[in-house]
Student: 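Dropping a structure here in structure tokens format, bear with me for questions.
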Number of protein chains: 2
Amino acid sequence: MRGNINPFTSSEFALLGFLYEKPTHGYDLHKLITDPDGIGLIWNVKMSNLYAYLDKLDKKGFIHGTMQPGDAHPTRMEYQITAEGKSAFEEWLKSIVLHPRDFRQEFMLRYFFLLKYQPDNINSLCNKQHQECTKWLGNTTLQSSHVPIEEKFRNSIFQFRVTQIGAIIQWLEWIKSQTN
Amino acid sequence: MRGNINPFTSSEFALLGFLYEKPTHGYDLHKLITDPDGIGLIWNVKMSNLYAYLDKLDKKGFIHGTMQPGDAHPTRMEYQITAEGKSAFEEWLKSIVLHPRDFRQEFMLRYFFLLKYQPDNINSLCNKQHQECTKWLGNTTLQSSHVPIEEKFRNSIFQFRVTQIGAIIQWLEWIKSQTN
DNA sequence: GCATAGTATTCAATAATTGAATATCGTAAA
DNA sequence: TTTACGATATTCAATTATTGAATACTATGC
């Protein structure tokens, strides 16, 4: 893809999120990120991909790798998060999701790391996201109301969106009820 | 991606779906597929991608392109669907979606072409899909019930899935109520 | 007759993804 | 003790996907 100025993917934030805790190398990061009770529930990251993401994060300046000559293990590259990476992660962690289609993975990822590092901020982010979702619902309902009944396809699409957003809001409320 | 034996993407079925009606060339297909009241509501296909998909479909034997020397237009390649492509499309059109995350685009695409070519079969597909979704819901609810309450993340993920599947089922019922 | 928008396709550059290759270490059986 | 095997750890070339821009022709209005 030409001229694509590194739009950050969530897998990359996931890596950053684990490195936020402590310096780790690729192989161990892979174990962390594929934990079937953790990120593994929402993502499927392959080893060779993961190494590519690490390179990308390194080039971006968010992490920094240093060679660890092997005494009890093969030579490996230990990555540690930089100040820039740290603040990027923290910013990301308080940012809301801007489009329904991204919610499933994007919000869950934030939720995972909030549980891990800042459980006290869960409520606050859920509230902000709830507001955003309510906005989505309003816009979509409005658009939906302008569609003539004959236009079955367009109508059904909007109806679907409304239902989906409703489900997201319902879930956010469930989370808040659990957190308090 | 090495050794990837052409897993068909839905955009390709969308093209096949338009060619099912009549032979068309890339530029016009693009107009059809980006119609903001049609597939454009669920998909965003770029020109240069579209031409690549056409190549792929051609190599696969689902469509066949012939050069149309230009009298009133630049030379263009008109594609027509083959017998094999036709039956692949028909099979696809009656197949259900197998994973919730694909529902949004996959089911809508089938719905679009059902409205266009086989409105009488909408109810039948919705019923089959409804059954499948009910299965999803059962499985997910069951899995969810085995998660200890302390495992907040896993629990929330399952809760989300249940809510999502519920929304899909609700929408399917709405569609059925509209179609009758 | 000339600029401009629309028609129609191709392409080289870049990015993403993959499976396999490489190499080291621990350990348990033969 | 050697050898076989699975776990550790990373790299790479091949393939596929995606992009913006380039090319070229036609129609239309001014």
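Residue numbers begin at 1 in each chain, while the letters A, B, ... track the order of the sequences.
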Student: How long is the line joining CG of A:Asp55 and C1' of D:dA9, in whole Å?
Tutor: 14 Å

Student: Under 4.0 Å: is that the gap between some side-chain N or O of A:Lys31 and OP1 or OP2 of D:dT8?
Tutor: yes

Student: Could you check how far CG of A:Leu54 sits from P of C:dT17, rounded to whole Å?
Tutor: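 A:Leu54 atom CG is separated from C:dT17 atom P by 15 Å.
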
Student: How close or far is atom P of C:dT10 from atom NE2 of B:His25, stated in whole angstroms?
Tutor: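 Rounding to the nearest Å, NE2 of B:His25 and P of C:dT10 are 12 Å apart.
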
Student: Over 60° means perpendicular and under 30° means parallel, so tell me whether B:His99 and B:Trp136 are parallel, tilted or perpendicular.
Tutor: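 If you compare the ring of B:His99 with that of B:Trp136, the planes turn out tilted.
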
Student: Could you check how far CG of B:Leu50 sits from C1' of C:dT9, rounded to whole Å?
Tutor: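 Value for this atom pair: 11 Å.
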
Student: Rounded off to whole Å, could you give me the CE-to-C1' distance for the A:Met77 and C:dT22 pair?
Tutor: 17 Å

Student: Report yes if a side-chain nitrogen or oxygen of A:Tyr51 is closer than 4.0 Å to either non-bridging phosphate oxygen (OP1 or OP2) of D:dT10; otherwise report no.
Tutor: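 Answer yes for this pair, as a side-chain N or O of A:Tyr51 is under 4.0 Å from OP1 or OP2.
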
Student: Is the ring pair A:Tyr117/A:Phe89 parallel, tilted or perpendicular, if the boundaries are 30 and 60 degrees?
Tutor: perpendicular

Student: Can you tell which of D:dA17, D:dA9, C:dT7 lies closest to the side chain of A:Asp28?
Tutor: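 Of the options given, the side chain of A:Asp28 lies nearest D:dA9.
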
Student: Let me know the distance between CD of A:Glu78 and C1' of D:dT10, rounded to the nearest Å.
Tutor: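 My rounded result for the distance is 15 Å.
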
Student: Is it the case that B:Gln68 and B:His25 place a side-chain donor and acceptor less than 3.5 Å from each other?
Tutor: no

Student: Under 4.0 Å between a side-chain N/O of B:Asn49 and OP1 or OP2 of D:dT19, yes or no?
Tutor: yes

Student: Which listed nucleotide (C:dA8, D:dT8, C:dG19) is nearest to the side chain of A:Ser48?
Tutor: C:dG19

Student: Quick one: label B:Met47 by what it contacts on the DNA or RNA (base, sugar-phosphate, nothing), any heavy atom closer than 4.0 Å.
Tutor: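 Counting heavy atoms under 4.0 Å across all strands, the contact made by B:Met47 includes a base.
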
Student: Of all the nucleotides listed (D:dA9, C:dT17, C:dA8), which has the minimum atom distance to the side chain of B:Tyr27?
Tutor: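 Nucleotide nearest to B:Tyr27's side chain: C:dA8.
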
Student: Between atom NZ in A:Lys46 and atom C1' in C:dG19, what is the gap in whole Å?
Tutor: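 These atoms are roughly 8 Å apart.
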
Student: Could you please spell out the steps behind the side-chain hydrogen bond (donor to acceptor under 3.5 Å, both in side chains) verdict for A:Ser144 and A:Arg161?
Tutor: CA-CA 9 Å; A:Ser144 178; A:Arg161 288 184 188 163; over 6 Å; no

Student: Have a look at B:His30 and say if it touches a base, only the backbone sugar-phosphate, or nothing, with a 4.0 Å heavy-atom cut-off.
Tutor: nothing

Student: Should B:Lys56 be listed as having a side-chain N or O under 4.0 Å from OP1 or OP2 of D:dA17?
Tutor: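 Yes.
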
Student: Write down the distance between CZ (B:Arg76) and P (D:dA24), rounded to a whole number of angstrom.
Tutor: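 Value for this atom pair: 20 Å.
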
Student: Within the 3.5 Å criterion, strictly below it, is a donor on A:Gln170 or A:Trp174 matched to an acceptor on the partner's side chain?
Tutor: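 Not at all, the side chains of A:Gln170 and A:Trp174 share no donor-acceptor pair under 3.5 Å.
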
